[in-house]
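Here is the structure we will look at, set down as structure tokens.
Both ligands and their constituent atoms are indexed starting at 1 by order of listing. If you read the sequence from its start, that first residue is 1, and numbering goes on from there.
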Amino acid sequence: MSELADRYPNLHVSRHPLVAHKLAYLRNRTTDPKLFRELVRELTWLIGYEAMADVETTQITVETPLEPMTGARVEPKVGLIPVLRAGLGMVDAMLELMPSAEVWHIGLYRDERTLKPVEYYNKLPDAATVQVCLILDPMLATGGSSAATVDILKTWGAARIKQVSLIAAPEGVATLSGAHPDVDIHVGAVDRALNERGYIVPGLGDAGDRQFGTFAGPSSEPGHESGETAEVVRRLQRNISVGE
Ligand code: PRP
Ligand code: URA
């Protein structure tokens, strides 16, 4: 884990005991969707707070009931970019922290066979309206979805981009950092690896299904791995072991 942190200075893994405590409940297979959603919200609050630690502030004058003083105001305009669907559960927590943030949704799903992201929703206006973008997505697995989201945001003109996730795989950190080393990655934990189906292990399963109670689809059932999927995962695993 520290090897990964040494290699990727843009990776920030929370050390907060509350994050570790809440992640353990989130991962538990018996946690139902209601509790799962509450935990996603609380964890986003904690990790998102850490992700905002280095944004610039400007000095402002504040009149307290006793005297004037110099206070601070967050300078850049902030955009929240939830990746549909699973990122939706992270929006309210960030809006509680930053009520004036803009929310721009990006719709991506992972093709189950190739593990490549497929874009299905993007209503960004022509030019960037914010200076700092926080990509909200609970899972950074292969890194394909987040790298594609960063591509979209850079084309849009976003000056500074941060990824906020609850759990990452080493493969996803390597892919995103390789493609976009300027993007800070803030996560609650980096897990062991991806499995043959491209799921993070030990992970928590499917973050979208667990939030929204949609367990009936084929993506939730074991045994759907294809040779192509497993090959994608093997390639990613080879990439992160190079030079280690
Ligand atoms: C999940 C997750 C990420 C993506 C991560 O979404 O929320 O967006 O997978 O995987 P990657 O790093 O390998 O690209 P999913 O495709 O399951 O869609 P959903 O949110 O609609 O369930
Ligand atoms: N998406 C999820 O929801 N979970 C994983 O483990 C990987 C991708």
TODO: Return the minimal non-hydrogen interatomic distance between Glu96 and Trp45, and the atom names on each side.
DONE: OE1-CD1, 3.8 Å
Open item on the list: Once ring pair (Phe, Tyr, Trp, His ring centres under 6.0 Å) is applied, do any residues pair with His105, and if so which ones, sequence neighbours excluded?
Closed with: none
Open item on the list: Given 3.5 Å as the limit, does a donor-acceptor pair link the side chain of Arg37 with the main chain of Gln211, or not?
Closed with: yes
Task: Glu67 backbone acceptor or donor facing Thr64 side chain under 3.5 Å - done: yes
- [ ] Could you tell me whether a side-chain N or O of Asn10 sits under 3.5 Å from a main-chain N or O of Val183, the two making a donor and an acceptor?
- [x] yes
TODO: Could you pull out all residues at least two apart from His21 that satisfy side-chain contact (heavy atoms from CB on, under 4.5 Å)?
DONE: Tyr25
N/O contact list for ligand 1, threshold under 3.5 Å:
from: ligand 1; atom 1: 7 (O); to: Asp137; atom 2: OD1; distance (Å): 2.8
from: ligand 1; atom 1: 8 (O); to: Asp137; atom 2: OD1; distance (Å): 3.4
from: ligand 1; atom 1: 8 (O); to: Asp137; atom 2: OD2; distance (Å): 2.5
from: ligand 1; atom 1: 12 (O); to: Ala141; atom 2: N; distance (Å): 2.9
from: ligand 1; atom 1: 12 (O); to: Thr142; atom 2: N; distance (Å): 3.1
from: ligand 1; atom 1: 12 (O); to: Gly143; atom 2: N; distance (Å): 2.9
from: ligand 1; atom 1: 13 (O); to: Arg110; atom 2: NH1; distance (Å): 2.8
from: ligand 1; atom 1: 13 (O); to: Thr142; atom 2: N; distance (Å): 2.9
from: ligand 1; atom 1: 13 (O); to: Thr142; atom 2: OG1; distance (Å): 2.6
from: ligand 1; atom 1: 14 (O); to: Ser145; atom 2: N; distance (Å): 2.9
from: ligand 1; atom 1: 14 (O); to: Ser145; atom 2: OG; distance (Å): 2.5
from: ligand 1; atom 1: 16 (O); to: Arg110; atom 2: N; distance (Å): 2.9
from: ligand 1; atom 1: 20 (O); to: Arg85; atom 2: N; distance (Å): 3.1
from: ligand 1; atom 1: 20 (O); to: Ala86; atom 2: N; distance (Å): 3.0
from: ligand 1; atom 1: 21 (O); to: Arg85; atom 2: N; distance (Å): 3.3
from: ligand 1; atom 1: 21 (O); to: Arg85; atom 2: NE; distance (Å): 3.1
from: ligand 1; atom 1: 22 (O); to: Arg85; atom 2: NE; distance (Å): 3.3
from: ligand 1; atom 1: 22 (O); to: Arg85; atom 2: NH2; distance (Å): 2.9

TODO: Spell out, as yes or no, whether a donor-acceptor pair under 3.5 Å connects the side chain of Asn122 to the backbone of Leu124.
DONE: yes
Task: Working for side chain to side chain contact (heavy atoms under 4.5 Å, CB included), residues Val190 and Leu11 - done: CA-CA 10 Å; Val190 179; Leu11 173 65; 4.3 Å; yes
TODO: Would you check if the side chain of Gln131 reaches a backbone N or O of Lys77 as a donor-acceptor pair within less than 3.5 Å?
DONE: yes
Open item on the list: Distance under 4.0 Å, heavy atoms only, partner ligand 2: which residues pass?
Closed with: Arg110, Met139, Ala141, Gly198, Tyr199, Ile200, Gly205, Asp206, Ala207
